[in-house]
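Notes follow the structure.
Because the structure is a prediction, the values reported are computed rather than measured.
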Amino acid sequence: MFLIILPDVAEDDDLIVRLRQRDKSVIPIIYERYFTPLYQYARLKVGDRALAQDIVSEVFLTLIQTIGKQNAPRDNLRAWLFTVARHAAYRTYRSAPQLPLEDVEEWMSAPAESDPGNLLSDTFQLERVRYALRMLTADHQEVLILRFGQRLSLQETADLMGKTTSAIKSLQFRAVETLRSILIEPEASNG
Amino acid sequence: MAKTDIFDAFNDCIDRMNAGESMDDCVRDYPLFAERLRQLLGTGELVYRAQQYPASEVEADKQQVVPGVSRKRLLAPPPPPRRPSRVRPFIWVMTLATSILVVGMAMVVLLSLNNSSAPSVSALISTNSIADVSLQATQTAALQIALAQTADAHTSRPTATMAPSGTATATTTPNPTGTPAPTRTGEPGIVATSVSLLTPLPTAISGGGVLSPTPPGSSMEATAVGNDVALTATALSLPLNPIESTPTPAALGPLPTGILGATLVLPSPTALLPTVTSVQVLPLDAGEIDDNARWDTYLQYRNNYLQSFAYTVHDVDVTGRQIITVTDPQGLPVLGARVMVFNGQSLLSESRTDAEGQTLFFPNARPESRGLQSYQVYVEKDGQAVTFSLNPSASSGWNVVLGGSGQQQNMPKLDVLFLLDATGSMGDEIAQLRNNILGISAQIAQLSGSVYVRYGLVNYRDRGDAYVVQPHDFVSDVGTFQAILSQVQADGGGDYPESLNESLHDAVEGVSWRGDDTVKLIFLVADAPPHLDYPNDFDYAQEMVVAAQRGIKIHPIASSGLTPDGEYIFRQLAEYTLGHFLFLTYQNGVPGTPGDSRPELHVGTPSSPANQEQGDYTVEHLDELVLRLITDELAALKKPADTSLGIFPTVTPAAILPPALPPTITPTPTATSTPLPLPTVVGASGGVRPLDPPVSTGSASFSQNGLPIPFMLLMLILSTILGGLVVALVINLRRMFPPEKRKNDFIVEPDDWI
């Protein structure tokens with residue numbers, strides 16, 4: 001495993017300028033720089049490798065097609081790319097078969113003594129986390145992937161999702177709580 | 001506040017960890033929340049690690065995407081350029097003529113709308129079709145005056161107004177001099193001798209005129225006083241718009257001239273324009289389930305929830321539910337019958353029947369009522385009362401016939417209240433929901449000819465926000481309601497739960513619901529459960545008991561993002577009050593696009609009429625669904641009640657009992673928590689509700705242009721021609737000179753990528 005550090009937004013300004021100047025040599029640079037984060041985002045969202053490839057290719061195809069046009073990236077290349085990926089993921093998600101919820105039940109229960117903090121190196125448990133992520137609502141999933149997965153800032157996440165920062169704060173909190181409740185076997189109730 | 005701090009702390013730690021700091025470094029700065037933060041941040045770290053797919057896979061896919069992009073690019077050739085075309089003269093003429101016609105029609109429509117509320121000075125005061133009622137001395141009633149319009153070639157601006165309602169305080173005293181003056185009060189009916197319209201007049205009618213009177217035997221005189229028009233009527237009887245009507249016609253004969261006087265101040269004409277706002281409703285789809293109708297499924301859901309989730313709710317044991325249906329001797333449902341269940345002398349439960357004559361009793365809801373072999377049930381309405389013995393082991397449904405008639409003698413009454421979460425998390429949907437509610441209210445207003453409708457609104461946020469609850473009491477004018485609703489904006493919140501406990505209390509107990517002959521509905525629109533950790537707070541589980549006592553039905557509408565505890569609580573509210581659980585549905589469960597699914601809720605699958613698949617719920621447009629629920633409720637009043645699932649016990653006539661203080665219920669929190677102090681439940685009693693508060697009136701003012709008609713006609717013609725010319729020019733210029741298509745020479749060959 002390796003850590004991905006997203007390119008600094010300031011470094012992208014140069015790329016945007018070159019895009020506006022229709023310098024086609026900038027495309028491979030953007031591809032090298034952003035393929036992996038976009039791929040990780042897409043694959044975590046849709047869970048399917050082929051669909052993730054489709055989504056990422058859609059993003060770069062759109063980038064090429066919008067060069068020199070009104071809807072080309074203007075100031076924040078990273079936000080633009082993730083926005084396109086987000087829309088592409090929704091379109092792909094709508095046409096993709098839904099995961100049957102019954103299949104999830106075998107993933108639901110964890111040993112009572114397990115704690116999410118101890119699951120780090122277990123591939124099986126990571127798959128469990130990915131599956132649990134897809135059980136969340138689209139907004140919950142989105143905010144977790146953007147804030148924790150892609151390490152986007154609060155403002156960037158709010159802009160991408162079209163919400164206020166206060167809404168994102170509450171959304172990320174409840175998303176984590178919900179994910180945690182799915183991953184941990186609940187205690188017996190007193191009711 | 002403490003709650004806000006943990007969310008800020010959590011957010012701060014996310015940002016710091018994203019910047020490279022360790023979890024320990026950040027948590028150390030928030031010792032109060034250290035443990036909680038570790039749990040949450042640890043879970044967040046899992047998400048980060050979950051996206052770390054094997055490097056070999058990532059690299060392999062990276063190589064595969066490149067030719068894929070190029071292939072798609074090459075498969076989509078650019079469209080051929082358009083050639084500029086010559087526009088034939090015939091096309092020019094037709095375009096011009098059509099444009100002039102369209103623009104002219106638009107201007108005519110605009111102008112006629114402007115003048116639509118403009119009766120002339122020769123206004124008629126006519127009666128409406130509602131029966132006359134007695135005006136009590138202490139009563140302020142809504143007075144309805146319809147001013148008919150007559151054509152008046154000399155005026156072009158409104159000189160009087162169409163009044164859906166105004167406020168009248170009739171004070172009349174004898175005055176032998178014949179001049180109008182405030183006089184005695186409390187006369188049956190109302191006799192107006194002067195009506196002051198605080199509106200400016202066009203000069204054309206200054207000096208007054210004679211109005212045609214109606215009904216016969218009365219007279220009306222108009223005089224201009226400065227900018228006011230005073231309409232003086234003699235011996236004219238005007239009917240009232242009854243809120244609580246007792247059809248007692250008050251026929252008045254001709255009165256001596258000038259003896260009686262009253263002043264009616266009509267609202268401003270701008271407030272009297274058509275009150276039903278035309279609203280473009282963007283459709284929201286919604287599903288609906290009735291947990292009382294699918295009881296076993298609901299019990300299973302309830303059991304699963306209590307076993308599976310650690311979220312705190314205030315559970316009430318609804319197992320062993322008993323359905324009591326009250327009908328009249330003709331089999332029609334009795335609305336608002338009081339049903340009290342006793343164990344000996346101890347009152348266990350009190351509730352009121354709905355439009356289908358039904359109410360519920362939950363024997364296991366209270367420790368003192370559990371496990372009894374029988375209960376004594378007392379049923380009462382309009383001076384008729386019976387008792388019977390309810391044995392849970394014999395049946396779960398009981399049909400009671402009450403003497404008298406359940407048939408509504410007058411028009412049915414409907415109080416519908418929208419309880420709206422106005423926090424920031426609703427921001428993405430509140431505009432749509434608000435528009436839907438506006439559209440719903442407009443459609444409900446269509447029923448106003450056959451039902452007395454009142455609209456209420458309670459919007460709420462959370463402690464620490466600009467407000468916690470904003471209650472708006474019932475109004476009968478849908479335009480007023482729509483104006484209030486249009487001002488609601490989403491903001492605040494911050495944490496997830498909101499102050500639903502307090503707002504529900506205000507909705508159930510803080511507004512003036514009408515009496516037992518009223519269908520009472522609350523539509524709760526929210527995306528979050530209530531705070532259950534606030535000190536000195538109300539309790540939704542108590543409020544739903546009060547709602548049932550008062551015959552108020554709660555229909556929650558779950559917006560996107562509702563968590564399992566929110567769903568459970570909403571369904572509690574619905575089930576306990578015989579309401580339905582509604583939920584917005586989306587395409588594949590993704591908010592934003594209406595569809596038929598909501599996978600995170602435990603509501604089953606949608607039916608698919610196209611595929612003839614029977615699911616657990618059907619999906620409709622939200623406004624149609626809400627309207628259907630309302631109309632079904634009203635229609636049930638006139639249909640024989642369903643007594644097929646119950647038995648007819650032996651009933652005994654009983655004496656009328658005075659209203660008693662109903663008992664409280666102690667709900668059971670499902671997780672360990674400090675018990676909250678429960679408020680005393682105030683007994684609900686029937687009786688006549690107060691009338692609507694007077695509609696506030698302001699001084700009427702509207703502009704007058706005073707321009708002569710010929711000049712206006714000339715302006716109309718010129719502007720129509722000009723507008724048509726402009727439109728025709730734009731259309732045909734685009735044909736003649738299409739925008740130049742720039743060649744996109746930015747084509748990347750596959751081998752340029754690598």
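- Screening B:D8, B:D12, B:D15 for a salt bridge (charged side-chain N to carboxylate O under 4.0 Å, His left out) with A:K169, the sole residue that qualifies is B:D8.
- Expressed to the nearest 0.5 Å, how far OG1 of A:T36 lies from CG of B:D61 amounts to 10.0 Å.
- Classification of the B:Y53-A:Y39 ring pair by plane angle, with boundaries at 30° and 60°, yields perpendicular.
- Minimum interatomic distance between B:G424 and A:A167 (heavy atoms only, all atoms of both residues): O-CB, 4.4 Å.
- When side chains are defined from C-beta on, B:E600 does not count as touching A:H140, because their heavy atoms never get closer than 4.5 Å.
- In this structure, no portion of A:T164 lies under 4.5 Å from any heavy atom of chain B.
- Side chains of B:Q51 and A:F148 form no contact here, defined as non-hydrogen atoms less than 4.5 Å apart.
- Of the residues considered (A:V59, A:L154, A:L144), A:L154 shows the highest number of contacts with chain B, using heavy-atom pairs under 4.5 Å.
- Chain B forms the most heavy-atom pairs under 4.5 Å with one residue out of A:Q172, A:R49, A:E177, A:E32, and that residue is A:R49.
- Ion pairing between a basic and an acidic side chain is recognised when a charged N comes within 4.0 Å of a carboxylate O; A:R151 and B:E45 show such pairing.
- The minimum heavy-atom distance between A:R130 and B:Q52, with the atom names listed, is NH2-O, 3.7 Å.
- Heavy atoms only, all atoms of each residue included: B:V65 and A:F35 are closest at CG2-CE1, 3.7 Å.
- Between A:T165 and B:N11 there is no side-chain heavy-atom pair separated by less than 4.5 Å.
- For B:E59, no part sits under 4.5 Å from any heavy atom of chain A, backbone or side chain.
- Side-chain atoms of A:R174 come within 3.5 Å of backbone atoms of B:G561 as a donor-acceptor pair (strictly under, hydrogens ignored).
- Separating the OG1 atom in B:T563 from the CG atom in A:L136 is a distance of 12.0 Å, to the nearest 0.5 Å.
- Here B:T43 contributes atom OG1 and A:I182 contributes atom CD1; the two are 11.0 Å apart, rounded to the nearest 0.5 Å.
- Looking only at distances, a side-chain donor or acceptor of B:N18 sits under 3.5 Å from a matching main-chain atom of A:R147.
- Here A:F173 contributes atom CZ and B:F7 contributes atom CZ; the two are 4.0 Å apart, rounded to the nearest 0.5 Å.
- Within the 4.5 angstrom heavy-atom criterion, only side-chain atoms of A:L133, from C-beta onward, approach chain B.
- Between A:G149 and B:V47, the closest heavy-atom pair is N-CG1, 4.2 Å.
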